[in-house]
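Okay, so here's the structure we're looking at.
From a predicted model like this one, the values you see are computed outputs, not experimental measurements. When reading the values below, keep in mind they use all heavy atoms of this one structure, side chains included, and skip hydrogens, waters and symmetry mates. All residue numbers refer to positions in the sequence shown, counting from 1.
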Amino acid sequence: MPNRVVLNNIDHGELTVAIRHGAAFDDAVNQVPILPTELEEAQREFPILFHRRAGGIEAVALLGLDRDENLFLDGDRWSSRHIPLLQQRGPFSIGLSDGGEPMLHVDLEDPRVGSPDGAPLFLPHGGNGPYLEHVSQVLRLIHAGAETAQAMYGALDAAGLIQPIALEVTLDAETRYAITGHEVLSRERLAALSGTELEALHREGFLASAFLIAASLGNISGLIERKNARRRAA
């Protein structure tokens, strides 16, 4: 069971956290949510697709073709230049105080917490250590991204840009994958937007992101290369 507490330098002045990734830390997944605050980095690495859920539309990075397959995970490290923000946060999260202010929490039950080879969270004479500074920035980006995600994805959807598609990935003559249950940002619809529609998205600050998401679909070829490399190595 998680044991999330508010992090502070009095109770946790000597706390260390191991900077680790791997299947044990929920990195062995074939897709992970992507937030607007990381789109520029994420679109260089991963195909970005959409899910429709009860709470709205969610953007996800496609990481693998089989269940629990992350083709960007090599043992205990990511081989991509960008690690999705939700996977970077480790045992940390943001919780709200009684007054509604965001507070940094740490899960004391996470196996990375208290590791002898972990990074110290606080400096010996006060102040945050480099790792905690990094985590704080990651959580700020997560918090900001979560606040803008539905507005952005909703606006893209209202413009008719997010559309169902049947994606078929062919590895060889005998092996094909049908990627179902997802939608994509249509390049054709984006190219056909009127000047008024383009101006509206630009005014809201979402137009550049639309082009980034559309461009990310070119990464499917890289995903195929990674999958075939895994198959050859098996």
- Query: What's the spacing between Leu121 CG and Asn128 CG if we round to 0.5 Å?
  - Reply: 8.5 Å

- Message: Quick one: does any side-chain atom of Gln43 pair with a main-chain N or O of Glu40 as donor and acceptor, under 3.5 Å?
- Response: yes

- Query: How would you list, by chain and number, every residue that makes a side-chain contact (heavy atoms from CB on, under 4.5 Å) with Ile165, sequence neighbours excluded?
  - Reply: Leu167, Val184

- Task: Apply side chain to side chain contact (heavy atoms under 4.5 Å, CB included) to His12 and Val5, showing your working.
- Result: CA-CA 10 Å; His12 311 115; Val5 299; 3.8 Å; yes

- Is it possible for you to say whether Ile57 and Ile34 belong to one hydrophobic cluster, with membership spreading through side-chain heavy-atom contacts below 4.5 Å? yes

- Query: Is Arg189 salt-bridged to Glu197, going by a charged N under 4.0 Å from an acidic O?
  - Reply: yes

- Message: Are Ile220 and Leu190 linked, directly or through intermediate hydrophobic residues, by side-chain heavy-atom contacts shorter than 4.5 Å (ILVMFWY only)?
- Response: no

- Message: When you compare the side chain of Leu161 with that of Leu201, does any pair of heavy atoms fall below 4.5 Å?
- Response: yes

- Gap separating the CG atom of Leu86 from the CG atom of Leu139, nearest 0.5 angstrom: 9.5 Å

- Say whether Ile179 and Val32 are linked into one hydrophobic cluster, either directly or through other cluster members, by side-chain heavy-atom distances under 4.5 angstrom. yes

- Pairwise distance CG(Leu85) to CZ(Arg140) - rounded to 0.5 angstrom: 12.5 Å

- Query: How would you list, by chain and number, every residue that makes a ring-ring contact (aromatic ring centres under 6.0 Å, His included) with His202, sequence neighbours excluded?
  - Reply: none

- Task: Specify the closest pair of heavy atoms between Leu156 and Ala210, including all atoms of both residues, with the distance to one decimal.
- Result: CD2-CB, 3.8 Å

- Task: Could you walk me through whether His82 and Gln88 pass the side chain to side chain contact (heavy atoms under 4.5 Å, CB included) test, one step at a time?
- Result: CA-CA 10 Å; His82 176 69; Gln88 286 192 53; 3.9 Å; yes

- Message: Would you say that Phe72 contacts Leu223 through its side chain, given a criterion of any heavy-atom pair below 4.5 Å between the two side chains?
- Response: yes

- Task: Mind listing the closest non-hydrogen atom pair of Leu185 and Ala214 along with its distance?
- Result: CD2-CB, 3.8 Å

- Item | Shortest non-hydrogen contact from Gly218 toward Arg187 | N-NH2, 3.5 Å

- Message: Determine whether Arg4 and Asp107 satisfy the following criterion, side chain to side chain contact (heavy atoms under 4.5 Å, CB included), listing intermediate values before the conclusion.
- Response: CA-CA 4 Å; Arg4 296 186 179 92; Asp107 178 9; 4.1 Å; yes

- Let me see the working for Thr16 and Tyr131 under side chain to side chain contact (heavy atoms under 4.5 Å, CB included), right down to the final yes or no. CA-CA 10 Å; Thr16 61; Tyr131 178 53; over 6 Å; no

- Message: Contact between Leu35 and Leu141 at the side-chain level, heavy atoms closer than 4.5 Å - yes or no?
- Response: no

- Message: Against Glu58, only a single residue in Arg52, Arg53, His51 fulfils side chain to side chain donor-acceptor pair (under 3.5 Å); can you say which?
- Response: Arg53

- Hey, quick one: are Phe92 and Leu123 part of the same hydrophobic cluster, counting side-chain heavy atoms closer than 4.5 Å, chains of contacts allowed? no

- What is the minimum heavy-atom distance between Val17 and Pro91, and which atoms define it? CG1-CG, 3.8 Å

- Message: Taking the side chain as everything from C-beta on, heavy atoms only, tell me whether Tyr177 gets closer than 4.5 Å to Ile224.
- Response: no

- Query: Mind checking whether Trp78 and His21 have parallel, tilted or perpendicular rings, split at 30° and 60°?
  - Reply: perpendicular

- Query: Are Met152 and Leu39 side-chain neighbours, meaning at least one heavy-atom pair lies under 4.5 Å?
  - Reply: yes

- Query: What are the two closest heavy atoms between Arg226 and Ser79, and how far apart are they?
  - Reply: NH1-OG, 2.8 Å

- The side-chain hydrogen bond (donor to acceptor under 3.5 Å, both in side chains) partners of Ser115 (sequence neighbours excluded) come to Arg20, Asp117

- Task: Enter the distance from Arg230:CZ to Asp66:CG here, rounded to the nearest 0.5 Å.
- Result: 11.0 Å

- How about Val169 and Lys227: do any of their side-chain heavy atoms sit closer than 4.5 Å? no

- Message: Within the structure provided, determine whether Val106 and Leu108 are in side-chain contact (heavy-atom separation under 4.5 Å).
- Response: yes

- Task: For the residue pair Ser216 and Asn219, confirm or rule out a side-chain donor-acceptor distance under 3.5 Å.
- Result: no

- Is the number of heavy atoms from other residues, nucleotides or ligands under 6.0 Å of Glu14 CD greater than 12? no

- Between Ala23 and Leu73, which heavy-atom pair has the shortest distance, and what is it? N-CD2, 4.1 Å

- Asn70 (side chain) donor-acceptor with Ala28 (main chain) under 3.5 angstrom: no

- Message: Rounded at 0.5 Å granularity, tell me how far NE2 in His105 sits from CG in Asn3.
- Response: 10.5 Å

- Would you kindly confirm whether Ile83 and Leu212 end up in one hydrophobic cluster when ILVMFWY residues are joined by side chain heavy atoms under 4.5 Å apart? no

- Any side-chain heavy-atom pair from Asp157 and Tyr153 closer than 4.5 angstrom? no

- Message: Working to the nearest 0.5 angstrom, can you tell me the gap between Asp74 CG and Ser80 OG?
- Response: 11.0 Å

